[in-house]
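First up is the structure itself, then whatever we jot down about it.
Remember, it's 1-based here, ligands and their atoms both numbered in the order they're listed.
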Amino acid sequence: MESRTVTRVLSVASECAPLVKTGGLADVAGALPGALAGAGVEMRTLLPGYPAVMATLEGAEICARLPDCFGGAARVIAATASGLDLLVLDAPHLYDRGAGIYLSDTGRDWPDNPERFAALSWVGAEIAAGLLPDWRPEILHAHDWQGGLAPYYIARGPAAGQVRSIVTIHNIAFQGLAPASRLSALKLDSADFTPEGFEYWGQISALKAGLIFADRITTVSPTYAEELLTPEFGMGLQGVLMVRQDVLSGILNGIDTSVWSPELDPLITPYDTPAGKAANKSALRAEFGLPEAEGPLCVVISRMTEQKGLDLLLQALPALTDRGGQLAVLGSGDPAMQAAFERAARHPNVAVRIGYDEALSHRMMAGGDAILVPSRFEPCGLTQLYGLRYGTLPLVALTGGLADTVIPATPATLAAKPVATGIQFAPVTAQALASALARLCGLYAQPKLWRQMQRNAMAQPVGWDHSAAAYAALYKGLLGITT
Ligand code: ADP
Ligand code: GLC
């Protein structure tokens, strides 16, 4: 056992807030380095050199050149941006393109996504093996399938046994599949193309490679860590996770309270008690063209995908609107679902914005009475955490991180000294959601109780402190360091 203070970790991520974001992974990758700094961890983040990333770099310095990196020349650039200590893989043939970071203009995955993120993972493993003259990590921490091959490349390369690896599952629905014909293009050894390796029903799975070859596996809530072991949630990888159960754990995400705190938020009328929401609520109603109403103003800020259960909300909506409640939605994704929400917005108490709008999401969080998260599965979920912080009570499905972060209103939690912070429903059906919406309206009609729940919610510890300490302990445990 060794005793010292700083642990060097390379985080390998395909998105990172505030530079480039499609979902919560970016928030987590962006917040972890700062959260861990106080816990004796020096984290650098390896990101693809997308145009949005290249445009924001400060103090850029080329620290490695790779003449042939998955089909073209590339460089590793050390730089900072928005306070993050970055290593950027500048590979124009892979990342310098318009449209989305994962999807082309057609709305489909870029055909070379396997190579694009294999390259990121491979360069991560090269950095672990000593590619950079002046910095080498002790641990590589990969996120989701996009980083999934990094633990494999480490295990089969010169850093094997020297640098430890961790893979974090943010969403097992995305597994990084590629046809077997890409084996050599992805620098993979066909000897590992087996069920015990990264083979998955005849295809290559980058996520499975991470799950098999990483020293530790984490996911973003304790409940999701348990759910992943079941066929319902494991999405075909439950067997692999059962085998590796001893190295799997769940560490809950936090939120960046310097960005998401109603008393500090420059995008809203700041407040530190529930009463302070009133001005934000009037402004939000005006912005969405919603009239005054008796019932709660509910908000949704979400990707529109099967995962998020918003089709159930469309079915259950009369349970809210019939009781004088209102709904304001911000989201984008599945075109059919976007259209269905636009149709629902013909109701005078329903309003929808299709798109992605960070500033509007803050105004909705501040102006809403409740935030709805009816997900079929939710590894952690961040919007319910913002909701707690802003006194915008979360109504959530009883699954994953939603189960771990909301104290549901029940007779016991509403007794003499109420501790409830929101509402949970199960099973995840339109019917159960409808009855939860009815309960929400019932609670909202009791202003004293509602305000108490808001105060409870706003007092919840939703920052990174606790989880950062858990990651730091995981890293140090992996290196056998005592503090
Ligand atoms: P997921 O990562 O599965 O999408 P999370 O709840 O973990 O779910 O994170 C979603 C993040 O993306 C949150 O920060 C949320 O505010 C943000 N977000 C989602 N959709 C939008 C949108 N249309 N406009 C602005 N922010 C959005
Ligand atoms: C994923 C999950 C979400 C989680 C986020 C960050 O996108 O869907 O539940 O909060 O990753 O870990």
So which heavy atom in the protein is nearest atom 8 (O) of ligand 2, and how far is it from that ligand atom?
-> Gln307 NE2, 3.1 Å
With atoms numbered from 1 as shown, which atoms in ligand 1 lie under 4.0 angstrom from a non-hydrogen atom of Ile301?
-> 16 (O), 18 (N), 21 (C), 26 (N), 27 (C)
Answer yes or no: are there more than 12 heavy-atom neighbours, outside Glu342 itself, under 6.0 Å from its atom CD?
-> yes
protein heavy-atom neighbour closest to atom 2 (O) of ligand 1 works out as Gly24 N, 2.6 Å
Heteroatom proximity flag, Trp260 to ligand 1, N/O under 3.5 Å | no
Between Trp450 and Tyr444, does a ring-ring contact (aromatic ring centres under 6.0 Å, His included) hold up when you go through it step by step?
-> CA-CA 6 Å; Trp450 185 267; Tyr444 184 75; 5.1 Å; yes
Pick whichever of Arg353, Lys308, Arg303 has a heavy atom sitting closest to atom 8 (O) of ligand 1.
-> Lys308
Decide whether the shortest distance between a heavy atom of Gly381 and an atom of ligand 2 is less than 4.0 Å.
-> yes
Do Leu382 and ligand 1 have an N or O pair less than 3.5 Å apart?
-> yes
Should you measure from each heavy atom of Gly355, which atoms of ligand 1 turn up under 4.0 Å away?
-> 22 (C), 23 (N)
Hey, is Val28 touching ligand 2 through its side chain, its backbone, both or neither, going by heavy atoms under 4.0 Å?
-> side chain
Is there any N or O on Asp357 that sits under 3.5 Å from an N or O of ligand 1?
-> yes
For Asn171, the ligand 2 atoms whose distance to one of its heavy atoms is below 4.0 Å = 8 (O)
Distance-only donor-acceptor check, side chains Arg389 and Gln460, under 3.5 Å = no
Of the backbone atoms (N, CA, C, O) and the side-chain heavy atoms from C-beta on, which set of Asn171 has a member under 4.0 Å from an atom of ligand 1: side chain, backbone, both, or neither?
-> neither
Is atom NE2 of His466 surrounded by more than 12 heavy atoms (other residues, nucleotides or ligands) closer than 6.0 Å?
-> no
Sidechain N-carboxylate O distance under 4.0 Å for Asp334, Lys308 | no
Is the shortest side-chain N to carboxylate O distance from Arg182 to Glu115 below 4.0 Å?
-> yes
Side chain, backbone, both or neither: which part of Thr383 comes within less than 4.0 Å of ligand 1 when only heavy atoms are counted?
-> both
Asp105 atom CG, over 12 foreign heavy atoms within 6.0 Å = no
Thinking salt bridges, do Glu138 and Arg164 make one under a 4.0 Å N-O criterion?
-> no
Classify the ring geometry between Tyr271 and Tyr390 as parallel (under 30°), tilted (30 to 60°) or perpendicular (over 60°).
-> perpendicular
Atom 18 (N) of ligand 1: the protein heavy-atom neighbour that sits closest, reported with distance to 0.1 Å | Tyr356 CE1, 3.8 Å
Determine whether the aromatic ring centres of Tyr386 and His362 lie less than 6.0 Å apart.
-> no
Number the atoms of ligand 2 from 1 as they appear, then name those within less than 4.0 Å of a heavy atom of Gly24, with their elements.
-> 5 (C), 6 (C)
Just let me know how Asp27 lines up against ligand 2, side chain, backbone, both or neither, with a heavy-atom cut-off below 4.0 Å.
-> neither
Quick note on ligand 1: atoms under 4.0 Å from a heavy atom of Lys21 include exactly 11 (C), 12 (O), 13 (C), 14 (O), 17 (C)
Ligand 1 versus Pro379, non-hydrogen atoms closer than 4.0 Å: side chain, backbone, both, neither?
-> neither
With respect to atom 1 (C) of ligand 2, which of His170, Glu378, Gln384 exhibits the smallest heavy-atom separation?
-> His170
For Val220, counting its heavy atoms only, list the atoms of ligand 2 lying under 4.0 Å from any of them.
-> 12 (O)
